[in-house]
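Because only heavy atoms are used, hydrogens play no part in the values below, and waters and symmetry mates are left out as well, while side chains stay in. Whatever order the structure lists them in is the order used to number ligands and atoms, beginning at 1. For reference, positions follow the sequence shown, starting with 1. Because the structure is predicted, anything quoted here is derived from the model rather than measured.
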Amino acid sequence: ERHAGCSCITASVDDIHFEHTIGVGKVVNIIAKVNRAFTSSMEVGILVTCEDLYTDRQWKVCHAFATFVARRTEAGKVQLKQVIAHTQMEQMEYSLAAERRRMRLIHAEIITDLLSSSTAQLGECQEYQDADGKRRFQEAIARKKIRLDRKYIISCKQTEVPLSVPWDPSNQMYLSYNNVSALKLMDNRNNWVLASEKNKVTNVCISVQGIAHWIFQHFAQL
Ligand SMILES: CC(=O)SCCNC(=O)CCNC(=O)[C@H](O)C(C)(C)COP(=O)(O)OP(=O)(O)OC[C@H]1O[C@@H](n2cnc3c(N)ncnc32)[C@H](O)[C@@H]1OP(=O)(O)O
């Protein structure tokens, strides 16, 4: 709200993973920072650390991301002022914030997609009490896949090459979720056709033009 200069509403909070417990008597430090402002929404990174005052030891407890939206005024949607990223770390968070936002906004779409593709993979291995149990099981699988994708993106090392972002030095540490999800989408398709095979290297192709085009386009950037 300090950044926005007006009242804001919590739109979403990403997955929260606790890496350590906090014992009684320890000091908890919470640092929250606006990573990036978009139009009326902004991503806030929240870092929780724990401190033992007797030993001076500090450790990370969790790192979460929340999105806050400036409340509409009578004039309509609020245009937030931009965040200026100064340090290399701030620039990295600034870039990654756009990618995380994209993941948030397509979350529902991904769940639907994973649900339809995971139905085929489940096979006969699970027995369900009822249809609701099966649906909850499938949703849990879909959520787990999304969590793993997020973990992968967050753990991306600076030296790893970004995949789908227009090449620009400021995007060096930018990893695209789109490539990961497109590859998974491709992997789930069953209409792959063997194109050639030589020295145990198999080339396969697929006739979904839109996706293939997308992949080639982005591979071309590497
Ligand atoms: C204690 C608590 O805080 S409890 C939580 C209380 N929070 C609530 O009750 C939120 C209820 N939801 C809402 O009021 C609305 O859905 C809002 C404010 C989140 C979105 O408002 P809408 O009128 O749909 O606005 P609109 O579609 O224009 O989206 C506004 C912005 O929110 C962003 N947004 C919308 N949904 C989400 C989401 N789930 N996650 C992240 N950002 C989102 C949009 O991307 C957009 O960003 P931009 O302006 O920077 O491009």
Where on R72 is there a heavy atom closer than 4.0 Å to ligand 1, on the side chain, on the backbone, on both, or on neither? side chain
Measuring from [X]:[atom1] to [Y]:[atom2], what's the distance to the nearest 0.5 Å?
X   : Y   : atom1 : atom2 : result
L80 : T39 : CG    : OG1   : 8.0 Å
W59 : T49 : CH2   : OG1   : 9.5 Å
I22 : D52 : CD1   : CG    : 12.5 Å
T67 : D14 : OG1   : CG    : 6.0 Å

ILVMFWY cluster, V13 and F68 together (side-chain gap under 4.5 Å): yes
Return the closest protein heavy atom for [atom] as residue, atom name and distance.
atom                    : answer
atom 19 (C) of ligand 1 : A11 CB, 3.5 Å
atom 29 (O) of ligand 1 : K77 NZ, 4.4 Å
atom 32 (O) of ligand 1 : V69 CG2, 3.2 Å
atom 13 (C) of ligand 1 : I9 CD1, 4.6 Å
atom 39 (N) of ligand 1 : S12 CB, 3.9 Å
atom 6 (C) of ligand 1  : T10 O, 3.8 Å
atom 30 (C) of ligand 1 : S40 OG, 3.7 Å
atom 43 (C) of ligand 1 : L105 CD2, 3.8 Å

Heavy-atom protein neighbour under 4.0 angstrom from [atom]:
atom                    : result
atom 10 (C) of ligand 1 : yes
atom 23 (O) of ligand 1 : yes
atom 16 (O) of ligand 1 : no
atom 4 (S) of ligand 1  : no
atom 1 (C) of ligand 1  : no

Just jot down the salt bridge (charged side-chain N to carboxylate O under 4.0 Å, His left out) partners of E90, sequence neighbours excluded, or say none. K33
Is any side-chain heavy atom of Q82 closer than 4.5 Å to a side-chain heavy atom of Y94? yes
Tell me, do D15 and F65 make a side-chain contact under 4.5 Å, heavy atoms counted? no
Ligand-side contact atoms (ligand 1) for residue partner S41, heavy atom cut-off under 4.0 Å: 47 (O), 48 (P), 49 (O), 50 (O)
Which atoms from ligand 1 have a heavy atom of F38 less than 4.0 Å away? 50 (O)
side-chain contact (heavy atoms from CB on, under 4.5 Å) test vs C8 passes for just one of H3, M42, R2, namely M42
Using distance alone, determine whether T67 and ligand 1 share an N or O pair under 3.5 Å. no
Within less than 4.0 angstrom of ligand 1, does R101 place any heavy atom? yes
Can a side-chain donor-acceptor contact be found between R104 and S12 if the only test is distance below 3.5 angstrom? no
Salt bridge R36-E43, side-chain N to carboxylate O under 4.0 Å: no
